[in-house]
Number of protein chains: 2
Amino acid sequence: MTGIKDVAREVEMSTATVSRALRGLPGVSDETRSRVMETARRLGYVPSPSAAGLASGQTRTVAVIVPWVTRWFFAAVVQGAEEVLRERGYDLLLYNLAGDESARHRVFETSLLTKRVDAVLVLSLKPSLDELARLQKLGRPVTIVGADVPGWATVRIDDEQAARCAVRHLAGLGHRRIAYVGGATEGVLDFTAPAARLAGFRSALAEAGLPHDPTLEADGEFSVAGGSRAAQALLDREDRPTAIFAASDEMAIGVLRTARELGVGVPEDLSVIGIDDHEMAEIFDLTTVAQPVHEQGRVAAQQVLTALEGEHWVPEQVVLPTRLVVRRTTAPPAGSAGR
Amino acid sequence: MTGIKDVAREVEMSTATVSRALRGLPGVSDETRSRVMETARRLGYVPSPSAAGLASGQTRTVAVIVPWVTRWFFAAVVQGAEEVLRERGYDLLLYNLAGDESARHRVFETSLLTKRVDAVLVLSLKPSLDELARLQKLGRPVTIVGADVPGWATVRIDDEQAARCAVRHLAGLGHRRIAYVGGATEGVLDFTAPAARLAGFRSALAEAGLPHDPTLEADGEFSVAGGSRAAQALLDREDRPTAIFAASDEMAIGVLRTARELGVGVPEDLSVIGIDDHEMAEIFDLTTVAQPVHEQGRVAAQQVLTALEGEHWVPEQVVLPTRLVVRRTTAPPAGSAGR
DNA sequence: TTGAAAGCGCTAACAG
DNA sequence: CTGTTAGCGCTTTCAA
C-alpha cells in the first residue's frame, strides 16, 4: 500500500509538502505541485480516509437518515443529495430506519454519528426535543428535509399550501363533497407533513365555504394499501364524496385502485388528486400537486456543505415551490353544469 | 470529547484493557469489563471510527454500488443489506451511479474504495474485466447481486429460468404469438439479466414449438416509459401478439398503460406478464414471476460479513428461487377454447 | 515555499 | 488477566 511517505521519498520532499500539494492548499510552487501529483498518480497513491480523518477531525462523510429507502420519495431525495455530495468529494452514509422506531432510537441515541460524520441530513422526520438536543450536541451542520422544524435548517415545501392548492382545484371544478385521505398526524415516526396537509385541506374547505365533515377524513397511512382501504370506507357510503384529496400520490393510487374495483368511474363519478408527482403518477394519469423531490435533496446537501466550508452559518429555512399538474383524474362532478 | 484515555484514567486501568473490555474481547475479567462499560457509559464515551480504523485497518463500513437508488428494486436490495449490516455494527456507504457511465468509472477507477471500506456489494452491474481486476486488487470481499459473474461471489435469481417460467405460463394458457419487451443486452451499465431473460424467452418459445419472430422482440429500456413505447409498436401492428412478456414489472406496467390507451383489453385481448413482483404489481393486478428482492440484499450482506469474519472464504454463488404469481393480467387468448 | 516534529485516538503485539 | 510500547498514515503547527 503506497502511502504519502512513499510519494514524499520519491519526489524528495517532506510529507507535509506532499500533503499540501495533493489537497490543493496554497503555498506550494506550481512545479512542486505538478511533480507531486504526477508521482502520486504514477505510484498509485490512495489517501487513507481514516488517517486523514484522525489527523484533521474531518471525515468528509455525511449521514443521511431515511425513514424508508424503498419509498420513491426518500430514494429520490437521497439521489439528489448523493449527487452533490459526490461532486464535492463527500461520502454518503445511509441510515435507513425502515419505519422502525427502535432503529430510530439507535441512530439518535447512541451517538453513532458523533465522530463519524461531518454533517447530517434528516429526511421528513421531526426529531423529538430530546433528539434535537442530541443533534445540537453533535456540533455539526444538520439539515432537515421535508419537515417544518422551527429554528433548524430545513428544506421543504409548504405542505399546507400544497394541500390548499389541491383542494382549491377540486372546489374550483365544482366539488362540494370532498374527502381527505391522509396519515396519522402524530405517531411512530413523527412527520410534520401529515398535520400540515390536513390543516391545508380544512382551511381550503373553509375558504370555499364548504362544511367540515370529520367523517370525510380517513387515514391512508401514506401507503398504496392504506389509501385503498381508506377509499373503501369512503366510497361505500350512501353520500359518497365526489372527490378525494389524498395527501400523497401513493395513497391516491390506492384510491384509484379501489375506485376501479368498486366500479366507480374516475373522473366521471369521482375526482382524485394527490401530492408529490410520484414517478407512477403519470401512468395513472393522476392529477397532483408536484413537489421538487430530487431538488430538495440537492439543496439540503448544498446547505450542509456550505455550512461546512463557510465560517459561521445561519440555519436557513428553504421552502421550494409546488405546482399543480392537471391530468385526467379530476373533472367537474357528475350532474354539474358541465362547462 | 471524552476518549478512551479518560475512561482508562477513571477506572485506573490501561487503555489496552479498556479497549478490550469495550470491544468484548476475551481476556478481561467480568468485573473489570462491567466497570469499564459502566464508566464509559457514564462519561458518554464514543469511540472514534477514524482512530480505530487507522489502528486496526478495518473501517466497519461496506460500500454498496447501486445503478439507480430510485428504482424500487435497488432500493429494496439496499434496504435488505442495510438491515443486516446495521445489526452487525457495520455502516453502509452508498455509491449511486444514477445510470451515469462516468460516475461508474469514477467509482471503480480511482480506487475510492481502497482504504475506505471492508467489503463491497455491487448491485446488478456486471463489472468489466478491468473493473473486476480492480475489485480483485482491493483484496476485500466483494459480492455481486443480481448478475451472473462466474468466479465471483454472487447472489441472484436464475434469470433465464424466470423468463422461461413466464413464457411457459403464457404458452400454457394457449398463447402462440408472444412478444417480448426487454432491454439492451449490452450497453451503458452492462447488466447480465437482460440477456439471460431474453435467452429464457427464446428457449421457452422453442420448447413450446413456437416460431421465433425477431420482430416480436422490443426494447423497453427496463422502464415504465420504455415499456409503454415498446408496446405502442407491438400493438400497432396488424398481426398483434396475444401476449406480452416484459422482462421487468416496470416495463409490464408501461405495456398495460399503452394497452389501456389503445383500448386493448387486458386480459381479454392481451395477456401481460412481468418479472419482479414490484410493489405496484398488485395494484395493477399484474401477473408476474416474483423474485426475493429484499432477501437478496440480506443474503449478500451476510455473505460479505461471513467472509470478513471467517478466515478464508470461497466465493459462493447463491441462486434464490422465483415463484409465479398469477393475478389478472393473463388469461387464455380470445378465441381459444376458453378453459 | 518547504521541513521537522508532534500528535489525532485507538489497536495490537509482547511482556509480565 | 493486565500493562507497556509502538505504531496506523495522515495533518498541522511552528520554524526556517
Side-chain angles (χ1 to χ4, degrees), chain A residues 1-37 39-40 43-61 89 91 111 113-118 139 308, chain B residues 1-37 39-40 43-61 89 91 111-118 139 308-309:
Chain A
M1 242 1 33
T2 102
I4 204 173
K5 272 190 199 159
D6 303 295
V7 180
R9 188 179 318 117
E10 187 80 4
V11 296
E12 296 177 301
M13 294 227 146
S14 71
T15 60
T17 301
V18 172
S19 171
R20 286 189 282 253
L22 255 18
R23 286 179 298 149
L25 296 185
V28 179
S29 74
D30 286 357
E31 203 238 313
T32 301
R33 190 185 305 278
S34 55
R35 260 183 52 234
V36 168
M37 305 275 266
T39 307
L43 263 41
Y45 166 72
V46 178
S48 155
S50 294
L54 183 54
S56 70
Q58 311 235 241
T59 59
R60 292 196 78 81
T61 299
D91 276 326
S111 302
L113 307 170
T114 310
K115 298 176 184 166
R116 220 181 187 338
V117 298
D118 294 345
L308 240 28
Chain B
M1 247 343 50
T2 105
I4 204 173
K5 270 190 198 157
D6 303 297
V7 179
R9 189 181 316 118
E10 186 80 6
V11 297
E12 296 178 300
M13 295 228 148
S14 71
T15 60
T17 300
V18 171
S19 172
R20 283 189 286 253
L22 255 17
R23 286 179 298 150
L25 295 185
V28 179
S29 75
D30 286 356
E31 203 237 313
T32 301
R33 191 185 305 277
S34 54
R35 260 184 49 236
V36 168
M37 305 274 268
T39 307
L43 264 42
Y45 167 72
V46 177
S48 153
S50 294
L54 182 55
S56 70
Q58 312 237 244
T59 58
R60 292 197 79 80
T61 298
D91 276 327
S111 301
L112 266 185
L113 307 169
T114 311
K115 297 174 183 166
R116 220 189 185 330
V117 298
D118 294 344
L308 240 27
E309 286 166 14

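These numbers were taken from a predicted model, which means no experiment stands behind them. Throughout, protein chains are lettered first and strands after them, A, B, ... in sequence-line order, and every chain is numbered starting at 1.
In this structure, the CZ atom of R9(A) is 16 Å from the C1' atom of dG3(C), given to the nearest Å. The CG-P distance, from L22(A) to dT12(D), rounds to 14 Å in whole Å.
Within the structure, every side-chain polar atom (N or O) of T17(A) is placed at least 4.0 Å from both OP1 and OP2 of dT2(C).
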- Does the side-chain hydrogen bond (donor to acceptor under 3.5 Å, both in side chains) test come out yes or no for R35(B) and T39(B), once each step is laid out? CA-CA 6 Å; R35(B) 260 184 49 236; T39(B) 307; 5.8 Å; no

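The shortest heavy-atom contact between L43(A) and E10(A) is CD2-CB, 4.1 Å.
Y45(A) has its side chain within reach of L22(A): a pair of non-hydrogen atoms, C-beta onward, lies under 4.5 Å apart.
Between the R33(B) side chain and the L25(B) main chain, a donor and an acceptor come within less than 3.5 Å of each other.
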- Going 5' to 3' through nucleotides 8-16 of chain C, assign each nucleotide B (protein heavy atom under 4.0 Å from a base atom), S (under 4.0 Å only from sugar-phosphate atoms) or - (no protein heavy atom that close). BBBSBB---

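A salt bridge links R9(A) with D6(A): at least one charged nitrogen is closer than 4.0 Å to a carboxylate oxygen.
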